[in-house]
Amino acid sequence: MSSVVVVGTQWGDEGKGKIVDLLTRYADCVVRFQGGNNAGHTLVVEGKKFIFHIIPSGILYEEKKCMIGNGVIVDPGVLIGEIDKLKEQGISVSPQRLMISERAHLIMPYHAGIDQVKEASLASGKKIGTTGRGIGPCYMDKVGRIGIRAGDLLDDDLFREKLQEAVAEKNFLLTEKYNSAPVDFDTIYALFREYSEKLIPYFRNVSVELDVARKNNKNILFEGAQGTHLDIDHGTYPFVTSSNTIAGNACNGSGFGPAHIDAVIGIMKAYTTRVGAGPFPTELVDDIGNRLQEKGHEFGATTGRRRRCGWLDGVVANDATRLNGLTGLAITKLDVLSGLETIKFATSYELAGKTHSTMPANIRQAGAVTPVYESLEGWQEDIEKVREYDALPRQAKEYIKRIEDFTGVPVSIVSVGPDREETLLLSNPFTR
(Lines give C-alpha, C1' and ligand atoms only; values in the text may rest on other atoms or scores of the structure.)
Protein backbone atom coordinates (compact mmCIF):
# COMPACT_ATOMS: atom_id res chain seq x y z
CA MET A 1 0.00 0.00 0.00
CA SER A 2 1.20 3.51 -0.88
CA SER A 3 -0.33 6.96 -0.53
CA VAL A 4 0.82 9.61 -3.00
CA VAL A 5 0.00 13.32 -3.09
CA VAL A 6 0.08 15.27 -6.36
CA VAL A 7 0.38 19.07 -6.17
CA GLY A 8 1.13 21.96 -8.49
CA THR A 9 4.45 23.74 -7.96
CA GLN A 10 3.62 27.03 -9.68
CA TRP A 11 0.41 29.11 -9.95
CA GLY A 12 -1.80 26.28 -11.14
CA ASP A 13 -2.45 24.99 -14.66
CA GLU A 14 0.66 22.78 -14.52
CA GLY A 15 -1.07 19.74 -15.99
CA LYS A 16 -2.01 17.96 -12.77
CA GLY A 17 -5.05 16.33 -14.32
CA LYS A 18 -2.97 14.49 -16.89
CA ILE A 19 -0.45 13.27 -14.32
CA VAL A 20 -3.21 12.19 -11.93
CA ASP A 21 -4.80 10.32 -14.83
CA LEU A 22 -1.50 8.53 -15.47
CA LEU A 23 -0.94 7.60 -11.82
CA THR A 24 -4.55 6.53 -11.36
CA ARG A 25 -3.65 3.36 -13.26
CA TYR A 26 -1.76 2.27 -10.15
CA ALA A 27 -4.19 3.63 -7.52
CA ASP A 28 -7.35 2.18 -6.03
CA CYS A 29 -8.74 5.46 -4.66
CA VAL A 30 -8.38 9.03 -5.99
CA VAL A 31 -9.13 11.87 -3.57
CA ARG A 32 -9.70 15.58 -4.20
CA PHE A 33 -8.84 17.47 -1.00
CA GLN A 34 -9.21 21.25 -1.51
CA GLY A 35 -10.56 24.04 -3.66
CA GLY A 36 -13.74 24.11 -5.66
CA ASN A 37 -14.89 24.61 -9.22
CA ASN A 38 -12.47 27.52 -9.61
CA ALA A 39 -9.95 24.90 -10.73
CA GLY A 40 -10.07 22.88 -13.92
CA HIS A 41 -8.21 19.73 -14.94
CA THR A 42 -8.05 18.97 -18.66
CA LEU A 43 -7.38 15.47 -19.99
CA VAL A 44 -7.02 14.28 -23.58
CA VAL A 45 -7.73 10.57 -23.99
CA GLU A 46 -7.51 9.11 -27.51
CA GLY A 47 -8.05 12.61 -28.89
CA LYS A 48 -11.13 13.24 -26.73
CA LYS A 49 -10.99 16.14 -24.27
CA PHE A 50 -12.39 15.95 -20.74
CA ILE A 51 -12.50 18.91 -18.33
CA PHE A 52 -13.13 18.34 -14.62
CA HIS A 53 -13.82 21.06 -12.06
CA ILE A 54 -14.85 19.05 -9.00
CA ILE A 55 -14.86 15.32 -9.75
CA PRO A 56 -11.40 13.71 -9.41
CA SER A 57 -9.74 12.94 -12.74
CA GLY A 58 -9.62 9.24 -11.84
CA ILE A 59 -13.30 8.87 -12.66
CA LEU A 60 -12.32 7.86 -16.23
CA TYR A 61 -11.12 4.50 -14.84
CA GLU A 62 -14.23 2.43 -14.12
CA GLU A 63 -12.68 0.25 -11.41
CA LYS A 64 -11.44 3.17 -9.28
CA LYS A 65 -13.13 4.88 -6.34
CA CYS A 66 -13.16 8.68 -6.39
CA MET A 67 -13.65 10.79 -3.28
CA ILE A 68 -14.34 14.47 -2.67
CA GLY A 69 -12.91 15.35 0.73
CA ASN A 70 -14.10 17.69 3.45
CA GLY A 71 -11.60 20.35 2.33
CA VAL A 72 -13.37 20.77 -1.01
CA ILE A 73 -16.18 23.27 -1.35
CA VAL A 74 -18.89 21.95 -3.63
CA ASP A 75 -21.21 23.78 -6.00
CA PRO A 76 -24.02 21.20 -6.26
CA GLY A 77 -25.22 22.48 -9.64
CA VAL A 78 -21.76 22.21 -11.18
CA LEU A 79 -21.19 18.77 -9.64
CA ILE A 80 -24.51 17.41 -10.91
CA GLY A 81 -23.72 18.87 -14.34
CA GLU A 82 -20.39 17.01 -14.40
CA ILE A 83 -22.05 13.77 -13.31
CA ASP A 84 -24.72 14.08 -16.00
CA LYS A 85 -22.22 14.90 -18.74
CA LEU A 86 -20.04 11.93 -17.84
CA LYS A 87 -23.06 9.64 -17.89
CA GLU A 88 -23.94 10.95 -21.36
CA GLN A 89 -20.43 9.96 -22.44
CA GLY A 90 -20.99 6.44 -21.14
CA ILE A 91 -18.90 6.78 -17.97
CA SER A 92 -20.34 5.27 -14.80
CA VAL A 93 -20.65 7.73 -11.88
CA SER A 94 -22.51 5.63 -9.32
CA PRO A 95 -22.42 6.23 -5.53
CA GLN A 96 -20.18 3.16 -5.34
CA ARG A 97 -17.59 4.97 -7.48
CA LEU A 98 -17.98 8.59 -6.34
CA MET A 99 -18.15 9.61 -2.69
CA ILE A 100 -18.67 13.12 -1.28
CA SER A 101 -17.69 14.00 2.26
CA GLU A 102 -20.71 14.93 4.33
CA ARG A 103 -18.43 17.53 5.92
CA ALA A 104 -17.74 19.34 2.63
CA HIS A 105 -19.15 22.88 2.54
CA LEU A 106 -21.61 23.90 -0.15
CA ILE A 107 -21.31 26.91 -2.44
CA MET A 108 -24.64 28.74 -2.34
CA PRO A 109 -26.01 31.12 -4.99
CA TYR A 110 -25.36 34.12 -2.76
CA HIS A 111 -21.66 33.21 -2.53
CA ALA A 112 -21.16 33.70 -6.26
CA GLY A 113 -23.17 36.93 -6.17
CA ILE A 114 -21.05 38.38 -3.39
CA ASP A 115 -17.84 37.21 -5.09
CA GLN A 116 -18.71 39.01 -8.30
CA VAL A 117 -19.91 42.30 -6.86
CA LYS A 118 -16.98 42.47 -4.45
CA GLU A 119 -14.44 41.97 -7.23
CA ALA A 120 -16.24 44.51 -9.40
CA SER A 121 -16.08 47.09 -6.60
CA LEU A 122 -12.28 46.92 -6.36
CA ALA A 123 -10.02 49.41 -8.10
CA SER A 124 -8.15 48.02 -11.11
CA GLY A 125 -4.85 47.63 -9.25
CA LYS A 126 -6.54 45.86 -6.35
CA LYS A 127 -8.47 43.21 -8.26
CA ILE A 128 -7.51 39.65 -7.30
CA GLY A 129 -8.62 38.01 -10.54
CA THR A 130 -11.16 35.76 -8.83
CA THR A 131 -13.13 33.37 -11.02
CA GLY A 132 -16.38 34.72 -9.52
CA ARG A 133 -17.56 31.21 -8.59
CA GLY A 134 -18.15 32.05 -4.91
CA ILE A 135 -15.07 30.25 -3.64
CA GLY A 136 -13.77 32.95 -1.29
CA PRO A 137 -17.16 33.82 0.28
CA CYS A 138 -17.87 30.12 0.86
CA TYR A 139 -14.55 29.62 2.65
CA MET A 140 -15.24 32.79 4.66
CA ASP A 141 -18.51 31.29 5.88
CA LYS A 142 -16.71 28.05 6.71
CA VAL A 143 -14.12 29.82 8.84
CA GLY A 144 -16.84 32.05 10.33
CA ARG A 145 -18.72 28.90 11.39
CA ILE A 146 -21.87 29.84 9.51
CA GLY A 147 -21.41 27.66 6.43
CA ILE A 148 -23.80 25.02 5.14
CA ARG A 149 -22.32 21.54 4.74
CA ALA A 150 -23.36 18.65 2.53
CA GLY A 151 -24.56 16.67 5.54
CA ASP A 152 -26.99 19.47 6.43
CA LEU A 153 -29.10 18.40 3.46
CA LEU A 154 -29.89 15.20 5.38
CA ASP A 155 -31.83 17.23 7.98
CA ASP A 156 -34.44 19.44 6.34
CA ASP A 157 -35.23 21.42 9.49
CA LEU A 158 -31.57 22.18 10.09
CA PHE A 159 -30.99 23.11 6.46
CA ARG A 160 -34.01 25.43 6.40
CA GLU A 161 -32.92 27.14 9.61
CA LYS A 162 -29.34 27.70 8.46
CA LEU A 163 -30.45 28.90 5.03
CA GLN A 164 -32.90 31.43 6.51
CA GLU A 165 -30.18 32.92 8.68
CA ALA A 166 -27.71 33.01 5.81
CA VAL A 167 -30.13 34.65 3.34
CA ALA A 168 -30.99 37.39 5.85
CA GLU A 169 -27.31 38.17 6.43
CA LYS A 170 -26.26 37.99 2.77
CA ASN A 171 -29.15 40.14 1.57
CA PHE A 172 -28.15 42.86 4.01
CA LEU A 173 -24.62 42.71 2.62
CA LEU A 174 -25.73 42.63 -1.01
CA THR A 175 -28.21 45.47 -0.76
CA GLU A 176 -26.59 47.77 1.80
CA LYS A 177 -22.90 47.44 1.01
CA TYR A 178 -22.88 46.59 -2.68
CA ASN A 179 -26.22 48.07 -3.79
CA SER A 180 -26.98 44.78 -5.52
CA ALA A 181 -30.15 42.69 -5.89
CA PRO A 182 -31.09 40.38 -2.98
CA VAL A 183 -31.45 36.61 -3.25
CA ASP A 184 -34.72 34.77 -2.65
CA PHE A 185 -35.00 32.17 0.13
CA ASP A 186 -37.80 30.15 -1.48
CA THR A 187 -35.98 29.88 -4.79
CA ILE A 188 -32.75 28.68 -3.19
CA TYR A 189 -34.55 26.28 -0.85
CA ALA A 190 -36.49 24.66 -3.70
CA LEU A 191 -33.36 24.37 -5.82
CA PHE A 192 -31.38 22.68 -3.06
CA ARG A 193 -34.20 20.26 -2.31
CA GLU A 194 -33.82 19.11 -5.93
CA TYR A 195 -30.06 18.91 -5.54
CA SER A 196 -30.33 16.88 -2.36
CA GLU A 197 -32.41 14.16 -4.03
CA LYS A 198 -29.63 13.63 -6.55
CA LEU A 199 -26.61 14.01 -4.27
CA ILE A 200 -27.51 12.43 -0.93
CA PRO A 201 -26.77 8.88 -2.19
CA TYR A 202 -23.15 9.99 -2.75
CA PHE A 203 -22.57 11.29 0.81
CA ARG A 204 -20.06 9.36 2.92
CA ASN A 205 -17.61 9.77 5.77
CA VAL A 206 -14.58 10.01 3.48
CA SER A 207 -12.11 9.81 6.36
CA VAL A 208 -13.51 6.43 7.37
CA GLU A 209 -13.56 5.20 3.77
CA LEU A 210 -9.88 6.13 3.40
CA ASP A 211 -8.95 4.44 6.65
CA VAL A 212 -10.65 1.25 5.50
CA ALA A 213 -8.83 1.46 2.17
CA ARG A 214 -5.47 1.96 3.91
CA LYS A 215 -6.02 -1.01 6.22
CA ASN A 216 -6.90 -3.11 3.19
CA ASN A 217 -3.56 -2.19 1.58
CA LYS A 218 -5.09 -0.06 -1.17
CA ASN A 219 -3.11 2.54 -3.10
CA ILE A 220 -4.44 6.06 -2.52
CA LEU A 221 -3.81 9.07 -4.76
CA PHE A 222 -4.51 12.58 -3.46
CA GLU A 223 -5.26 15.11 -6.20
CA GLY A 224 -4.46 18.76 -5.46
CA ALA A 225 -5.99 21.68 -7.32
CA GLN A 226 -4.34 24.96 -8.36
CA GLY A 227 -0.70 25.50 -7.32
CA THR A 228 1.67 26.04 -4.41
CA HIS A 229 2.03 29.79 -4.96
CA LEU A 230 -1.74 30.27 -4.79
CA ASP A 231 -1.75 28.88 -1.23
CA ILE A 232 -3.59 31.17 1.18
CA ASP A 233 -0.66 31.10 3.62
CA HIS A 234 2.41 30.55 1.46
CA GLY A 235 1.45 32.07 -1.89
CA THR A 236 1.76 35.58 -3.31
CA TYR A 237 -0.81 36.97 -0.89
CA PRO A 238 -3.32 38.56 -1.47
CA PHE A 239 -3.23 37.29 -5.07
CA VAL A 240 -3.98 33.75 -3.96
CA THR A 241 -6.87 31.32 -3.65
CA SER A 242 -8.88 30.78 -0.48
CA SER A 243 -7.51 27.40 0.57
CA ASN A 244 -4.24 25.67 1.37
CA THR A 245 -2.96 24.14 -1.86
CA ILE A 246 0.22 22.54 -0.49
CA ALA A 247 0.66 18.84 0.21
CA GLY A 248 0.07 19.09 3.95
CA ASN A 249 -3.57 19.92 3.30
CA ALA A 250 -4.12 16.52 1.69
CA CYS A 251 -4.42 15.23 5.25
CA ASN A 252 -6.54 18.09 6.61
CA GLY A 253 -8.81 18.12 3.59
CA SER A 254 -9.59 14.41 3.64
CA GLY A 255 -9.19 13.21 7.23
CA PHE A 256 -6.10 11.11 6.52
CA GLY A 257 -3.20 10.83 8.96
CA PRO A 258 0.08 12.46 7.80
CA ALA A 259 2.16 9.49 8.91
CA HIS A 260 0.58 7.47 6.11
CA ILE A 261 1.76 9.69 3.22
CA ASP A 262 4.55 7.97 1.28
CA ALA A 263 5.37 10.32 -1.60
CA VAL A 264 4.65 13.84 -2.87
CA ILE A 265 4.91 14.52 -6.60
CA GLY A 266 5.17 18.14 -7.73
CA ILE A 267 3.87 19.00 -11.18
CA MET A 268 6.00 21.60 -12.94
CA LYS A 269 5.34 23.04 -16.35
CA ALA A 270 8.56 23.31 -18.41
CA TYR A 271 7.95 27.05 -18.40
CA THR A 272 5.78 29.16 -16.09
CA THR A 273 2.24 30.48 -16.47
CA ARG A 274 -0.19 32.44 -14.37
CA VAL A 275 -3.86 33.38 -14.77
CA GLY A 276 -5.10 36.64 -13.30
CA ALA A 277 -3.32 39.29 -11.29
CA GLY A 278 -0.28 39.03 -9.03
CA PRO A 279 3.53 39.00 -9.20
CA PHE A 280 5.12 36.98 -11.98
CA PRO A 281 8.88 37.67 -12.05
CA THR A 282 9.72 35.68 -15.20
CA GLU A 283 6.75 36.85 -17.28
CA LEU A 284 7.54 37.46 -20.95
CA VAL A 285 5.61 40.20 -22.71
CA ASP A 286 7.36 39.66 -26.03
CA ASP A 287 7.34 37.34 -29.03
CA ILE A 288 8.63 34.39 -26.98
CA GLY A 289 5.85 34.87 -24.42
CA ASN A 290 3.31 34.94 -27.24
CA ARG A 291 4.88 31.85 -28.77
CA LEU A 292 4.61 29.91 -25.51
CA GLN A 293 1.01 31.03 -25.12
CA GLU A 294 0.01 30.03 -28.63
CA LYS A 295 1.93 26.76 -28.89
CA GLY A 296 0.97 25.73 -25.35
CA HIS A 297 -2.72 26.65 -25.92
CA GLU A 298 -2.56 28.60 -22.69
CA PHE A 299 -6.15 29.41 -21.85
CA GLY A 300 -7.65 28.66 -18.42
CA ALA A 301 -9.83 25.52 -18.33
CA THR A 302 -12.18 27.22 -15.87
CA THR A 303 -12.24 30.86 -17.00
CA GLY A 304 -11.07 30.70 -20.61
CA ARG A 305 -8.73 33.60 -19.80
CA ARG A 306 -5.39 33.85 -21.58
CA ARG A 307 -2.56 32.71 -19.33
CA ARG A 308 0.48 34.90 -18.80
CA CYS A 309 3.62 33.02 -19.86
CA GLY A 310 7.30 33.19 -18.92
CA TRP A 311 10.51 31.26 -18.40
CA LEU A 312 10.78 28.55 -15.77
CA ASP A 313 11.31 30.10 -12.33
CA GLY A 314 13.74 28.13 -10.17
CA VAL A 315 12.97 30.29 -7.12
CA VAL A 316 9.30 29.34 -7.37
CA ALA A 317 10.34 25.71 -7.88
CA ASN A 318 12.60 25.62 -4.82
CA ASP A 319 9.98 27.26 -2.62
CA ALA A 320 7.51 24.58 -3.75
CA THR A 321 10.06 21.84 -3.07
CA ARG A 322 10.50 23.01 0.50
CA LEU A 323 6.84 23.74 1.25
CA ASN A 324 5.55 20.42 -0.07
CA GLY A 325 8.43 18.10 0.85
CA LEU A 326 8.60 16.93 -2.74
CA THR A 327 9.96 13.45 -3.42
CA GLY A 328 9.55 13.60 -7.20
CA LEU A 329 8.85 15.99 -10.07
CA ALA A 330 6.66 15.66 -13.15
CA ILE A 331 7.69 17.99 -15.99
CA THR A 332 4.82 18.83 -18.34
CA LYS A 333 4.61 20.55 -21.74
CA LEU A 334 8.28 19.97 -22.49
CA ASP A 335 7.27 19.79 -26.15
CA VAL A 336 6.22 23.44 -26.14
CA LEU A 337 9.89 24.48 -25.80
CA SER A 338 10.88 22.66 -29.00
CA GLY A 339 12.19 25.06 -31.63
CA LEU A 340 13.78 27.60 -29.29
CA GLU A 341 17.45 28.35 -29.81
CA THR A 342 17.97 29.31 -26.16
CA ILE A 343 16.00 28.49 -23.03
CA LYS A 344 16.34 30.59 -19.91
CA PHE A 345 16.00 29.47 -16.31
CA ALA A 346 15.71 31.86 -13.34
CA THR A 347 18.04 30.91 -10.49
CA SER A 348 17.49 33.88 -8.16
CA TYR A 349 16.04 37.39 -7.92
CA GLU A 350 17.68 40.77 -7.45
CA LEU A 351 16.13 43.74 -5.68
CA ALA A 352 17.83 46.93 -4.51
CA GLY A 353 21.25 45.37 -4.86
CA LYS A 354 20.38 42.27 -2.85
CA THR A 355 19.98 38.68 -4.02
CA HIS A 356 16.81 36.78 -3.08
CA SER A 357 16.67 32.99 -3.23
CA THR A 358 13.00 32.84 -2.15
CA MET A 359 9.86 34.73 -3.12
CA PRO A 360 9.58 37.82 -0.87
CA ALA A 361 6.57 37.83 1.45
CA ASN A 362 6.12 41.57 0.87
CA ILE A 363 3.86 41.79 -2.17
CA ARG A 364 5.46 45.02 -3.42
CA GLN A 365 8.90 43.45 -3.27
CA ALA A 366 7.61 40.30 -4.97
CA GLY A 367 6.31 42.45 -7.81
CA ALA A 368 9.54 44.45 -8.12
CA VAL A 369 12.21 41.73 -8.22
CA THR A 370 14.32 41.14 -11.32
CA PRO A 371 15.04 37.49 -12.17
CA VAL A 372 18.64 36.36 -12.64
CA TYR A 373 18.81 33.93 -15.55
CA GLU A 374 21.14 31.29 -16.83
CA SER A 375 20.84 30.22 -20.45
CA LEU A 376 20.67 26.68 -21.76
CA GLU A 377 20.86 25.38 -25.30
CA GLY A 378 17.49 24.65 -26.87
CA TRP A 379 16.51 21.89 -29.32
CA GLN A 380 14.73 21.89 -32.67
CA GLU A 381 13.26 18.37 -32.79
CA ASP A 382 9.53 17.68 -32.39
CA ILE A 383 9.38 15.39 -29.34
CA GLU A 384 5.66 14.52 -29.20
CA LYS A 385 6.31 11.06 -30.65
CA VAL A 386 9.11 10.24 -28.23
CA ARG A 387 8.22 7.30 -25.98
CA GLU A 388 11.57 6.61 -24.30
CA TYR A 389 13.59 9.04 -22.20
CA ASP A 390 16.83 8.17 -23.98
CA ALA A 391 15.24 9.20 -27.29
CA LEU A 392 14.85 12.80 -26.14
CA PRO A 393 17.27 15.34 -27.65
CA ARG A 394 20.46 15.82 -25.67
CA GLN A 395 19.53 19.43 -24.86
CA ALA A 396 16.12 18.41 -23.49
CA LYS A 397 17.77 15.87 -21.18
CA GLU A 398 20.27 18.50 -20.06
CA TYR A 399 17.40 20.87 -19.26
CA ILE A 400 15.71 18.20 -17.15
CA LYS A 401 19.00 17.43 -15.41
CA ARG A 402 19.47 21.11 -14.58
CA ILE A 403 16.02 21.19 -12.95
CA GLU A 404 16.89 18.10 -10.91
CA ASP A 405 20.21 19.54 -9.79
CA PHE A 406 18.74 22.92 -8.89
CA THR A 407 15.77 21.58 -6.88
CA GLY A 408 17.45 18.46 -5.51
CA VAL A 409 14.40 16.44 -6.57
CA PRO A 410 14.46 13.64 -9.16
CA VAL A 411 12.22 13.93 -12.22
CA SER A 412 9.98 10.87 -12.33
CA ILE A 413 7.57 11.83 -15.13
CA VAL A 414 7.99 13.80 -18.37
CA SER A 415 5.07 14.87 -20.57
CA VAL A 416 5.86 15.45 -24.25
CA GLY A 417 2.35 16.09 -25.57
CA PRO A 418 -1.29 16.55 -24.50
CA ASP A 419 -2.54 12.99 -25.01
CA ARG A 420 -2.59 10.38 -22.25
CA GLU A 421 -0.01 8.25 -24.07
CA GLU A 422 2.42 11.12 -24.62
CA THR A 423 3.97 10.72 -21.19
CA LEU A 424 7.23 9.12 -20.04
CA LEU A 425 7.04 7.39 -16.65
CA LEU A 426 10.64 7.22 -15.41
CA SER A 427 9.82 5.96 -11.94
CA ASN A 428 6.53 5.01 -10.31
CA PRO A 429 5.85 6.53 -6.85
CA PHE A 430 3.50 3.65 -6.05
CA THR A 431 6.18 1.02 -6.56
CA ARG A 432 9.31 2.74 -5.30
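The main-chain N or O of Cys309 is never found under 3.5 Å from a side-chain atom of Thr273 such that the two would form a donor-acceptor pair. Between the side chain of Gln10 and the backbone N or O of Lys269, at least one donor-acceptor pair lies under 3.5 Å. Asp313 places no side-chain N or O within donor-acceptor distance of the main-chain N or O of Ala346, the cut-off being under 3.5 Å. For the pair Arg32 (side chain) and Gly224 (backbone), a donor-acceptor distance under 3.5 Å is absent. Side-chain atoms of Glu14 never come within 3.5 Å of backbone atoms of Thr332 as a donor-acceptor pair (strictly under, hydrogens ignored). With Lys333 contributing its side chain and Gly417 its backbone, the two residues share no donor-acceptor pair below 3.5 Å. Proximity of a side-chain donor or acceptor of Asp231 to a complementary backbone N or O of Thr245 within less than 3.5 Å is detected. Remark: side-chain polar atoms of Asp21 are not paired, donor with acceptor, to backbone N or O of Gly17 under 3.5 angstrom. Between the side chain of Asp152 and the backbone N or O of Arg149 there is at least one donor-acceptor pair closer than 3.5 Å. A distance-only check finds no donor-acceptor pair linking the side chain of Lys65 to the backbone of Val30 [under 3.5 Å].
Contact check for Asp382 versus Ser338: no side-chain heavy atoms found under the 4.5 Å cut-off. A heavy-atom distance below 4.5 Å is not found between the side chains of Met140 and Ser242. Looking at Val6 and Glu223, their side chains never come closer than 4.5 Å, going by heavy atoms from C-beta outward. Side-chain contact between Val409 and Thr327 is absent, with no heavy atoms from C-beta onward closer than 4.5 Å.
Under a 4.0 Å N-O distance rule, the pair Asp419/Lys18 does not qualify as a salt bridge. A salt bridge links Asp319 with Arg322: at least one charged nitrogen is closer than 4.0 Å to a carboxylate oxygen. Salt-bridge annotation for Arg214 and Asp211: present, with a side-chain N of the basic residue lying under 4.0 Å from a carboxylate O of the acidic one. Electrostatic pairing of Asp13 and Arg307 counts as a salt bridge here, judged by a charged N lying under 4.0 Å from a carboxylate O. A salt bridge does not link Glu388 with Lys397: none of the charged nitrogens is closer than 4.0 Å to a carboxylate oxygen.
What you find for Gly77 and Tyr195 is that their closest heavy atoms are CA-OH, 3.5 Å. Here the closest non-hydrogen pair linking Leu292 and Glu298 is O-CG, 3.9 Å. Closest approach of Asn37 to Arg133, counting heavy atoms only: ND2-CG, 3.1 Å. Between Thr282 and Trp311 the shortest heavy-atom distance is OG1-O, 2.7 Å. What you find for Asn290 and Arg306 is that their closest heavy atoms are OD1-NH2, 2.8 Å. Here the shortest heavy-atom pairing between Ala250 and Val5 reads CB-CG2, 3.9 Å.
In this structure, NE2 in His234 is found 9.0 Å from CG in Asn324, a value given to the nearest 0.5 Å. In this structure, Ile232 CD1 and Gln226 CD are separated by 10.5 Å, a value rounded to the nearest 0.5 Å. The structure places CD of Glu82 at 9.0 Å from NZ of Lys85, a figure rounded to the nearest 0.5 Å. With rounding to the nearest 0.5 angstrom, the CG atom of Leu86 is 5.0 Å from the CZ atom of Phe52. Atom-to-atom distance recorded for Asp141:CG and Lys170:NZ is 3.5 Å, nearest 0.5 angstrom.
Taking the six-membered ring where the residue is Trp, the centroids of Phe280 and Trp11 are separated by under 6.0 Å. Aromatic pair Phe256/Phe33: centroids not less than 6.0 angstrom apart.
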Item to check | Residue pair Asn244, Asn252: steps toward the side-chain hydrogen bond (donor to acceptor under 3.5 Å, both in side chains) verdict | outcome: CA-CA 10 Å; Asn244 288 111; Asn252 294 334; 6.0 Å; no

Next on the checklist: side-chain hydrogen bond (donor to acceptor under 3.5 Å, both in side chains), that's the test. Do Tyr189 and Asp156 meet it? Break it down for me.
Outcome noted: CA-CA 10 Å; Tyr189 176 78; Asp156 188 64; 2.7 Å; yes

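Side-chain polar atoms of Thr236 and Arg274 form a donor-acceptor pair below 3.5 angstrom.
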